[in-house]
Amino acid sequence: DGGITQSPKYLFRKEGQNVTLSCEQNLNHDAMYWYRQDPGQGLRLIYYSQIVNDFQKGDIAEGYSVSREKKESFPLTVTSAQKNPTAFYLCASSIDRAGEETQYFGPGTRLLVL
Amino acid sequence: SQQGEEDPQALSIQEGENATMNCSYKTSINNLQWYRQNSGRGLVHLILIRSNEREKHSGRLRVTLDTSKKSSSLLITASRAADTASYFCATDADSNSGYALNFGKGTSLLVTP
């Protein structure tokens, strides 16, 4: 059963804490992405990775970090430097360049601050 | 950066009616895509239209693209309650995002029985 999964579904963060959101895909896609969605808003790009061991900052990378050690996995860490982390986080993947290919999205992780 | 802007922000119709959503963008594109998002869920790809295409159909969906006006429309015919969702357009216009898509803020569609 192919697809893209995210965990956990809900995540609570305390002040000053780093938290990591998981994203896994078994679609054999090269490219992976992290987006942030705030209520009533569209998606804003945090980081993207076109290939293993390579990733690039998106429009709102400050306060976030990523790694791409395996093709299947693209975890996102929300660091304590991100002062307003409450949002819905979406991970996506595509075969290659997103502009020429469909992006497949995970179900999302909702991050809340305690 | 958000390239596309959907219009209207919200749309409420009755089952059986047609729903039309519009998307405008600012810079030249190679492709434009439409996605659907049910509340609290991930996005699902609906249709991709290339810059050299003017119209595309998929089931009850019809997408048009007018590159001279930098706009696209999504028409859902004979709408159903299950079509209730947010609809986003996304473009591949070059930006700091490189290979990612630029999404608009979406149109929230409510279809009532």
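Just so it is clear, the values below take in all heavy atoms, side chains as well, and ignore hydrogens, waters and symmetry mates. Numbered from 1 within each chain, the chains take letters A, B, ... in sequence-line order. Please read all numbers here as calculations on a predicted model, not as lab measurements.
- Distance CG/B:Asn102 to CG/A:Asp59: 7.0 Å, rounded to 0.5 Å.
- Taking CG of B:Leu43 as the start and OG1 of A:Thr102 as the end, the distance is 12.0 Å to the nearest 0.5 Å.
- Around the CZ atom of B:Arg41, the shell of radius 6.0 Å holds no more than 12 heavy atoms that belong to other residues, nucleotides or ligands.
- Atom CD of residue A:Gln41 and atom OG of residue B:Ser86 lie 11.5 Å apart, to the nearest 0.5 angstrom.
- If you tally non-hydrogen atom pairs under 4.5 Å between each of A:Pro107, A:Ala92, A:Gly106, A:Gly40 and chain B, the highest count goes to A:Pro107.
- Interface residue A:Gln37: only side-chain heavy atoms are found under 4.5 Å from chain B.
- Residue-environment remark: CZ (B:Arg60) exceeds the threshold of 12 foreign heavy atoms within 6.0 Å.
- Residue A:Glu62 qualifies as open at atom CD: its count of foreign heavy atoms under 6.0 Å is 12 or below.
- Contacts of B:Gln37 with chain A are made by side-chain atoms alone, with heavy-atom separations under 4.5 Å and no backbone atom involved.
- With hydrogens and angles disregarded, a donor-acceptor distance shorter than 3.5 Å links the side chain of B:Tyr35 to the backbone of A:Gln103.
- Surrounding CD1 of A:Ile51 are at most 12 heavy atoms belonging to other residues, nucleotides or ligands under 6.0 Å away.
- For A:Tyr89, the OH atom is densely surrounded, since the number of other residues' heavy atoms within 6.0 Å is greater than 12.
- The side chain to side chain contact (heavy atoms under 4.5 Å, CB included) with B:Leu101 is formed by just one residue from the set A:Tyr35, A:Tyr33, A:Tyr48; it is A:Tyr35.
- Transitive grouping of hydrophobic side chains (ILVMFWY, heavy atoms separated by less than 4.5 Å) keeps B:Leu75 and B:Trp34 in distinct clusters.
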